[in-house]
Amino acid sequence: MAFVRGCPRVRVGSSSSAAGRRAGSVSPPDAVQRRHRLSRSRDFDAVYRQGRSTSTRFLVLYWFDREEDPGEPRLGLAVPKAVGNAVARNRIKRQLREAWRERLAEIPPGRDYVLIVKPGLFEAVTSNGFDWLGERIDEVLTKAPA
């Protein structure tokens with residue numbers, strides 16, 4: 001990124017604009033689509049306040065039945081800073097989304113879910129592998145009544 005001398009706010013030759021990244025980025029067809037994710041604070045709040053919860057050693061699952069839109073289940077992820085640095089938190093979020101996508105056919109529709117990661121999960125996944133993470137998701141999902 002270069003700046004014009006005497007005018008530090010004008011960019012010259014910026015090749016990675018936000019519009020360019022959005023236009024060129026295409027998610028793989030198997031990825032959890034954005035419309036199946038919780039992203040707004042009010043959606044998370046509704047699940048926390050009106051939903052139910054269950055937990056295991058490494059995960060807490062909140063769920064809330066939607067009346068107005070009984071479509072695909074939506075997932076929100078909460079990974080606190082205690083889990084690790086930004087690289088570790090983003091990596092565990094990617095892995096959780098992938099494991100969730102593999103289980104979409106088994107998950108009841110018409111619900112919003114929030115998965116909260118507890119400290120220690122990143123290290124456990126690193127040592128035990130991705131399949132182990134899927135087993136932990138299955139474990140917490142079986143505790144949630146259908």
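The shown structure was predicted, so the numbers you read here are calculated from the model rather than taken from an experiment.
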Where G71 and P109 come nearest, the two heavy atoms and their spacing: O-CB, 3.3 Å

Do the non-hydrogen side-chain atoms of P108 and Y113 ever get within less than 4.5 Å of each other? yes

Side-chain contact test, heavy atoms from C-beta onward, threshold under 4.5 Å: evaluate it for V83 versus F58 and give yes or no. no

Please confirm whether Y62 and Y48 have ring centers closer than 6.0 angstrom. yes

List in chain and number order the residues that pass salt bridge (charged side-chain N to carboxylate O under 4.0 Å, His left out) with R136, two or more places apart in sequence or in another chain; answer none if no residue qualifies. E139

Following the transitive rule for hydrophobic clusters with a side-chain heavy-atom cut-off under 4.5 Å over Ile, Leu, Val, Met, Phe, Trp and Tyr, establish whether V60 and V140 coincide in one cluster. no

What's the separation between atom CZ in R66 and atom CD in E72, rounded to the nearest 0.5 Å? 9.0 Å

Determine yes or no for a side-chain-to-main-chain donor-acceptor pair under 3.5 angstrom, with R111 supplying the side chain and F64 the backbone. no

Mind checking whether V47 and V79 sit in one hydrophobic cluster, side chains of I, L, V, M, F, W, Y counted as touching below 4.5 Å? no

Applying the 4.5 Å side-chain criterion to the ILVMFWY set and letting contacts propagate, would V114 and L121 be lumped into a single cluster? no

Side chain to side chain contact (heavy atoms under 4.5 Å, CB included) evaluation trace for I116 with L59: CA-CA 6 Å; I116 303 173; L59 294 170; over 6 Å; no

d(R40 CZ, D43 CG) to nearest 0.5 Å is 5.5 Å

Below 4.5 Å, heavy atoms only, C-beta onward: do W63 and D112 meet side chain to side chain? no

Got a donor-acceptor contact below 3.5 angstrom from the K118 side chain to the T56 backbone? yes

Distance, nearest 0.5 Å, that separates CG of D65 from CZ of R52: 9.5 Å

Is there side-chain contact between L77 and I92, with heavy atoms separated by less than 4.5 Å? no

To check you understand the geometry: which heavy-atom pair defines the closest contact between A144 and L61, and what is its length? CB-CD2, 4.0 Å

Is V125 close to W132 at the side-chain level, that is, under 4.5 Å between some pair of heavy atoms? yes

Within the side chain of R103, is there an N or O that forms a donor-acceptor pair under 3.5 Å with the backbone of G134? yes

Any chance you could lay out the side chain to side chain contact (heavy atoms under 4.5 Å, CB included) test for E102 and F130, step after step, and finish with the verdict? CA-CA 12 Å; E102 291 175 355; F130 181 74; 3.8 Å; yes

Residue pair R37 / R74, side-chain heavy-atom distance below 4.5 Å: no

Could you check if a side-chain atom of E98 sits within less than 4.5 angstrom of a side-chain atom of L133, using non-hydrogen atoms only? no

With a 4.5 Å cut-off on side-chain heavy-atom distances among I, L, V, M, F, W and Y, is there a chain of contacts connecting L38 to L104? no

